[in-house]
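Working notes, beginning with the structure itself.
Order of the sequence lines fixes the chain letters, A, B, ..., with proteins taken first and strands second; residue numbering starts at 1 for each chain. What you are looking at is a predicted structure, and each value in this text was computed from that prediction instead of being measured.
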Number of protein chains: 2
Amino acid sequence: MRDSSQVFLGLDFGTESVRALLVNGGGEELASAVVPFEHGQIIDRLPNSPRPLPPAYALQHPSDWIEAAAKATNTAKRKAKIDAAMIVGVGVDFTSCTMLPTKADGTPLCLLSEFADEPLAWPKLWKHHGAQKQTDRINAVARAREETFLKRYGGTIGLEWFFPKMLETLEGAPKAYQAADVWLEAGDWFVWQLVGGPASELPRSTCQAGYKGMWNATDGYPSEDYLRAVNPKFATVVRDKLPGRLVAPGVAAGELLPSQAKRFGLRAGTPVSAAIIDAHAGVPGAGASTPGTLVMVMGTSSCHMINATEDRNVAGVAGVVKDGILPGFFGYETGQAAVGDAFDWLRKLTGNSDLRQLGLEAANIPPGAEGVLCVDWFNGCRTPLMDGKLCGAFAGLTLHHRPAHLYRALLEASAFGVRWIVEVLREGGVPVKKFIATGGLPHHNPLVVQVYADVLGEPIMVHPCKHGPALGAAILGALAANAFSSPAAAMRAMSVPKPGTATIYKPNRDARKTYEALYADYRKFGGFLNSQSS
Amino acid sequence: MRDSSQVFLGLDFGTESVRALLVNGGGEELASAVVPFEHGQIIDRLPNSPRPLPPAYALQHPSDWIEAAAKATNTAKRKAKIDAAMIVGVGVDFTSCTMLPTKADGTPLCLLSEFADEPLAWPKLWKHHGAQKQTDRINAVARAREETFLKRYGGTIGLEWFFPKMLETLEGAPKAYQAADVWLEAGDWFVWQLVGGPASELPRSTCQAGYKGMWNATDGYPSEDYLRAVNPKFATVVRDKLPGRLVAPGVAAGELLPSQAKRFGLRAGTPVSAAIIDAHAGVPGAGASTPGTLVMVMGTSSCHMINATEDRNVAGVAGVVKDGILPGFFGYETGQAAVGDAFDWLRKLTGNSDLRQLGLEAANIPPGAEGVLCVDWFNGCRTPLMDGKLCGAFAGLTLHHRPAHLYRALLEASAFGVRWIVEVLREGGVPVKKFIATGGLPHHNPLVVQVYADVLGEPIMVHPCKHGPALGAAILGALAANAFSSPAAAMRAMSVPKPGTATIYKPNRDARKTYEALYADYRKFGGFLNSQSS
């Protein structure tokens, strides 16, 4: 089954940079390279423009993606000392919903001199928050019409998603909207650039479309009637602006064009997988090949994903998509809006230069943080309340408490948040049996994983790979190349940890009992805060 | 009326030191000296003992009081360059309930070799918290028997008060309890040492007895029946251990003994006023000669006192005592358990070396602290909930908030706490018309006074004297010496600020409106926390 002479390229697009990972069919990492985007996040002003952008804006430069990815790939290949011929499959994961308008030939609108000065013609980064008004209307109309798609998203369409961002340009820059022949996810655009073809055949990822584009294999996109009710000019957006075909991650979107092969130092004709959302790539990257394993991709925020054989509408879950993560399963996405971000905020708030020292002190404080209780909504509550306006809180504070008490309480709150998500999934009929932690955080913050294990009362495996999404993307590249008989076979060979390589955090029985009572307090405190939120 | 050639000595006993203030009949400060207590707070172990004290213990050494006071008085006299003959009255304020057991001749039990090793034979400092069990029983039995004295204390006898501390020794060190002929307040003991006389005539302050000793001019101390129900051996404690006569502050307790006159550098026969609680001395010290003025003595904690012509039982008020602060009025004591203490805790928590910088930043944040809401119970809630187990909290926190936001929210919470106290007083039938801030805090933290004014919607006068209690004590010394025709006359001459010397903080109308809504949020948040407290 394993063929270690075959090498796969995973391209992992983050917010500031792209990672290229070369890994063989036995799961060995041959080389890796990270290249930052030249323009990074475009937040203050457009390139070559003195005009400041509104505060909610976050844009990107499309050329950065191609150039940084080509450079990272060539660097990794040089480090690995391998020939282009050995690299037989390419997979791509990308932040989402990062999206852009293009002409029919794929040229980004913002690269035309006519639209270079129009911010709403540029690629919008996932965190671009300019479409609040549009999001509110999209939700209000959907609720009034009882649109069935709402159920797949826990009842709420997100501010950062695809249709709000399109509508924002329609209403804020109608000329740019009109001039666009195509609106698409940045991950899909990148894959399209690699494999070519007409707009009518451009490969759109079922993952991005399902989680961020209100698309579903059975019903397709939202109806014209609904879109007309949102804005009459928006009625035919699907027909007019969303050409292409839907392709699942792990299925070949096409073969590498000769021109791109040259730029990337790869062989023309190499199969390229349809894109996947970066966090979702963490699932194959973590070797979670069977349903019932919650993969916690932990970073500044956390994305907790699970595959199931059941199709359930679970209130407050960010999205459920058939074949959204792996073919053959219903993929559920849930999340916490502030994790590492919140830890770092508390570090700064308490004047600490390092989380490690705080962690050492917090580890010596018993479960319950000597009375300090935290609610972790410092950037809103994603699952299950789906409310970005909610805020964090601390209670139980006395003059005896030190920063480490607040830090411990914050770790515990984050764990209570996961427990709540697990309860919501289970109560909604989605089995949750195993836990894998991946992403950067678990590797350098063992305390948070132990607290999670104690609160959940379940062992948690920390996956040994430190860049799970890139590994997941490489696995999708292998699948696109038909290198394995099934996704499960690919993961067994490439990402299920070899014996002894993963760290297992086992729950402490006494701590678990303490947390049982504290979890009830957390839910009550959260209930009060939610009842007071405007 | 004014006789500037007459000088009065105010002795202000704090937790760590004593201040001697010499002031003339025109209110001019001639000199002041502070001397720390040699043994400070006895918290870790008794002098000459290796045995550690229990964590809740806080004791003092009685010799420290005499020696430090004599040294401070001599130093002040030397600085002022005046003769002993010019000093014609002495007043004393003291922390309370700081208390001790003595023999019939006034010798503290702890100075007998037999009891030198018994912690419960030593003077207990106000903050000594060893009597929790006893306090709980004293309250439970009083409630079961519907004792009328409870109403004068807002329904709760405090952990730091006189009877719990006596009962603690009875139950924890019965031999020491038995060996004591007298239990008394440290302020009363100090005055007794100055003026002499038999135990049966020792002068007990109506202020200390009223606020901390469950005594009342009409009913006296609690009944034998009640005390028997608390503990049969406690039944006759009043008859057996509380000899003496009750004397109001400002009335002469006696005349200075020749031996003490020599030690203090004063003239024998000088009249000495009955003692007063330190915070309560702030009322005459602030020149609040008429009823309806709330004197806020602001420090690590705050004591808010007001005189009224009405006798009202107000739920949650720490105590109401006839002639307790000034003769002719009902004196009401209310308080906040953590003020400067809480500010300093937040300063340390956020890694700041200085409150001033935090204050400058907080002053530039608009009212409402950009969404951060605090409840200020970091050392429990004194008035009106009288619950030391309640804790502080912050809500409305996001990743954008900095330490200055929390600090501003804390100042606002402290102000909301005062507003609540004022509401409780007014609703209980006690008029509150004017506000004076005194103590150390208002002088070096102008922002907190402005926030108080904005929240209350009333002007606040900061009294120019930086050691109000010592000035108040000196005024009581003047009254004991019959130097003025009335307390009001003494205050007009000595402590009502001369024109232009006080700072007035006026309320900002816009801020007041904002705070109106936030105060409701504070009360709701506090209500939730109170409902969750065990």
For Val448(B) and Val451(B), run side chain to side chain contact (heavy atoms under 4.5 Å, CB included): C-alpha distance rounded to whole Å, both residues' side-chain angles, the deciding distance at 0.1 Å, then the answer. CA-CA 5 Å; Val448(B) 69; Val451(B) 171; 5.6 Å; no
Identify which part of Leu346(A) has an atom lying under 4.5 Å from any heavy atom of chain B, answering side chain, backbone, both or neither.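 Interface part for Leu346(A): neither.
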Give each N or O donor-acceptor pair spanning chain A and chain B at a distance under 3.5 Å, with atom names and distance to 0.1 Å, or state none.
{"unit_1": "Trp345(A)", "atom_1": "NE1", "unit_2": "Thr398(B)", "atom_2": "O", "d": "3.4"}
{"unit_1": "Trp345(A)", "atom_1": "NE1", "unit_2": "His401(B)", "atom_2": "O", "d": "2.8"}
{"unit_1": "Phe378(A)", "atom_1": "O", "unit_2": "Leu399(B)", "atom_2": "N", "d": "3.2"}
{"unit_1": "Gly392(A)", "atom_1": "N", "unit_2": "Leu397(B)", "atom_2": "O", "d": "2.8"}
{"unit_1": "Gly392(A)", "atom_1": "O", "unit_2": "Gly396(B)", "atom_2": "N", "d": "3.2"}
{"unit_1": "Gly392(A)", "atom_1": "O", "unit_2": "Leu397(B)", "atom_2": "N", "d": "3.0"}
{"unit_1": "Phe394(A)", "atom_1": "N", "unit_2": "Phe394(B)", "atom_2": "O", "d": "2.8"}
{"unit_1": "Phe394(A)", "atom_1": "O", "unit_2": "Phe394(B)", "atom_2": "N", "d": "2.8"}
{"unit_1": "Gly396(A)", "atom_1": "N", "unit_2": "Gly392(B)", "atom_2": "O", "d": "3.2"}
{"unit_1": "Leu397(A)", "atom_1": "N", "unit_2": "Gly392(B)", "atom_2": "O", "d": "3.0"}
{"unit_1": "Leu397(A)", "atom_1": "O", "unit_2": "Gly392(B)", "atom_2": "N", "d": "2.8"}
{"unit_1": "Thr398(A)", "atom_1": "O", "unit_2": "Trp345(B)", "atom_2": "NE1", "d": "3.4"}
{"unit_1": "Leu399(A)", "atom_1": "N", "unit_2": "Phe378(B)", "atom_2": "O", "d": "3.2"}
{"unit_1": "His401(A)", "atom_1": "O", "unit_2": "Trp345(B)", "atom_2": "NE1", "d": "2.8"}

Does any non-hydrogen side-chain atom of Leu397(B) lie less than 4.5 Å from one of Val372(B)? yes
Is the closest side-chain heavy-atom distance between Leu441(A) and Val339(A) below 4.5 Å? yes
For Ala342(A), enumerate each residue passing the side-chain contact (heavy atoms from CB on, under 4.5 Å) test, keeping only those at least two apart in sequence or located in another chain. Ala338(A), Phe378(A), Leu410(A), Leu399(B)
Please name all residues satisfying side-chain contact (heavy atoms from CB on, under 4.5 Å) with Ala437(B), sequence neighbours left out, ordered by chain then number. Met296(B), Met298(B), Pro442(B), Ile460(B), Val462(B)
After noting the C-alpha distance and the side-chain angles of Phe528(A) and Phe528(B), does the key distance pass the ring pair (Phe, Tyr, Trp, His ring centres under 6.0 Å) rule? CA-CA 7 Å; Phe528(A) 170 76; Phe528(B) 170 76; 4.5 Å; yes
Between Ile157(A) and Pro164(A), the two heavy atoms sitting closest are CG2-CG, 4.2 Å
At a 4.5 Å cut-off on heavy atoms, which part of Leu406(B) comes close to chain A: side chain, backbone, both, or neither?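 For Leu406(B), the side chain is the part near chain A, not the backbone.
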Below 4.5 Å, heavy-atom pairs only: which of Gly396(B), Gly392(B), Pro403(B) has the largest tally toward chain A? Gly392(B)
